[in-house]
Amino acid sequence: QVQLVESGGGLVQAGGSLRLSCAASGRTFSNYAMGWFRQAPGKEREFVAAVNWRGYNTYLADSVKGRFTISRDNAKNTVSLQMNSLKPEDTAVYYCAGGRFQFISATAGEYDYWGQGTQVTVSS
């Protein structure tokens with residue numbers, strides 16, 4: 001069993017930056033692929049970014065490429081999402097997810113564990 005706890009959300013002006021962190025419990029964190037998803041009010045949950053189990057392969061949604069970066073530190077059991085040049089349309093609840101596989105996935109249904117989410121609000 002893995003528990004995921006996100007932090008780092010908040011209110012920021014357009015053009016600003018935030019760094020989200022996800023702390024994972026459990027000794028097998030390094031065996032899991034990790035991802036970030038987000039859900040805005042009235043919209044479906046959407047993929048944001050993913051990183052494979054070793055951290056050398058990442059994948060970003062087109063909407064955040066060039067602005068967001070995903071990384072992980074297996075020694076600290078954490079995965080981070082650095083968000084720069086934020087836009088009002090980035091406003092959403094951001095969720096950390098862990099999957100019992102080693103590759104990358106942009107499909108929410110393939111992930112096994114989810115955090116409770118952290119709110120990101122970008123004002124114009």
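Hydrogens, waters and symmetry mates are skipped; everything else that's a heavy atom, side chains included, is used. In what follows, residues are counted from 1 in the order of the sequence shown.
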Mind checking whether [X] and [Y] have side chains closer than 4.5 Å, heavy atoms only?
X: Trp53; Y: Ser30; answer: no
X: Tyr59; Y: Ser105; answer: no
X: Arg72; Y: Ser80; answer: no

Qualifying residues under salt bridge (Lys or Arg N to Asp or Glu O under 4.0 Å), relative to [X], sequence neighbours excluded:
X: Arg54; result: none
X: Arg38; result: Glu46, Asp90
X: Lys76; result: none

Could you report the tightest heavy-atom contact between [X] and [Y], atom names first, then the distance?
X: Phe29; Y: Ala24; answer: CD1-CB, 3.3 Å
X: Ser124; Y: Ala14; answer: CA-CB, 4.4 Å
X: Gly16; Y: Val12; answer: CA-CG2, 3.8 Å
X: Ala50; Y: Ile104; answer: CB-CG2, 3.7 Å
X: Arg19; Y: Ser71; answer: NH2-OG, 3.9 Å

Check your understanding: What's the verdict on side chain to side chain contact (heavy atoms under 4.5 Å, CB included) for Trp114 and Leu4, showing C-alpha distance, side-chain angles and the deciding distance?
Key -> CA-CA 6 Å; Trp114 292 84; Leu4 304 174; 5.6 Å; no

Check your understanding: Same cluster or not: are Leu60 and Tyr95 linked, directly or through other Ile, Leu, Val, Met, Phe, Trp or Tyr residues, by side-chain heavy atoms under 4.5 angstrom apart?
Key -> no

Exercise for review: Could you state whether Val64 and Val51 fall into the same hydrophobic cluster, counting links through intermediate Ile, Leu, Val, Met, Phe, Trp or Tyr residues with side-chain heavy atoms under 4.5 angstrom apart?
Suggested key: yes

Practice item. Before giving the answer on side chain to side chain contact (heavy atoms under 4.5 Å, CB included), spell out for Val79 and Ile70 the whole-Å C-alpha distance, their side-chain angles and the decisive distance to 0.1 Å. Key: CA-CA 7 Å; Val79 60; Ile70 186 172; 4.0 Å; yes

Practice item. Let me know which of Met83, Glu6, Gln39 forms a side chain to side chain contact (heavy atoms under 4.5 Å, CB included) with Tyr94. Key: Met83

Check your understanding: How many angstroms lie between atom CG of Asn57 and atom CG of Asn52, to the nearest 0.5 angstrom?
Key -> 5.0 Å

**Study point:** Atom pair CE/CG of Met34 and Asn77 - distance to nearest 0.5 Å
**Key:** 9.0 Å

Practice item. Look at the side chain of Thr107 and the backbone N and O of Gly109, then say whether any donor-acceptor pair between them is shorter than 3.5 Å. Key: no

Check your understanding: Would you find a donor on one side and an acceptor on the other, under 3.5 Å apart, between the side chain of Ser25 and the backbone of Gln3?
Key -> yes

Revision key, fill the gap. The side chain to side chain contact (heavy atoms under 4.5 Å, CB included) partners of Gln119 (sequence neighbours excluded) come to Thr91, Val93, Thr121

Revision key, fill the gap. Residue pairs meeting salt bridge (charged side-chain N to carboxylate O under 4.0 Å, His left out), one or both in residues 109-119, sequence neighbours left out, come to Arg100-Asp112

Practice item. Over 60° means perpendicular and under 30° means parallel, so classify the ring planes of Phe47 and Phe37, tilted if in between. Key: perpendicular

Check your understanding: Does the side chain of Asp73 pick up a donor-acceptor pair with the side chain of Thr78 at under 3.5 Å?
Key -> no

Check your understanding: Given Gln102 and Tyr32, is the side chain to side chain contact (heavy atoms under 4.5 Å, CB included) satisfied, shown in steps?
Key -> CA-CA 6 Å; Gln102 297 174 353; Tyr32 291 74; over 6 Å; no

Review point. With sequence neighbours left out, what residues match Phe103 under ring pair (Phe, Tyr, Trp, His ring centres under 6.0 Å)?
Key: Phe101

Review point. After noting the C-alpha distance and the side-chain angles of Phe68 and Asn84, does the key distance pass the side chain to side chain contact (heavy atoms under 4.5 Å, CB included) rule?
Key: CA-CA 6 Å; Phe68 291 12; Asn84 299 327; 6.0 Å; no

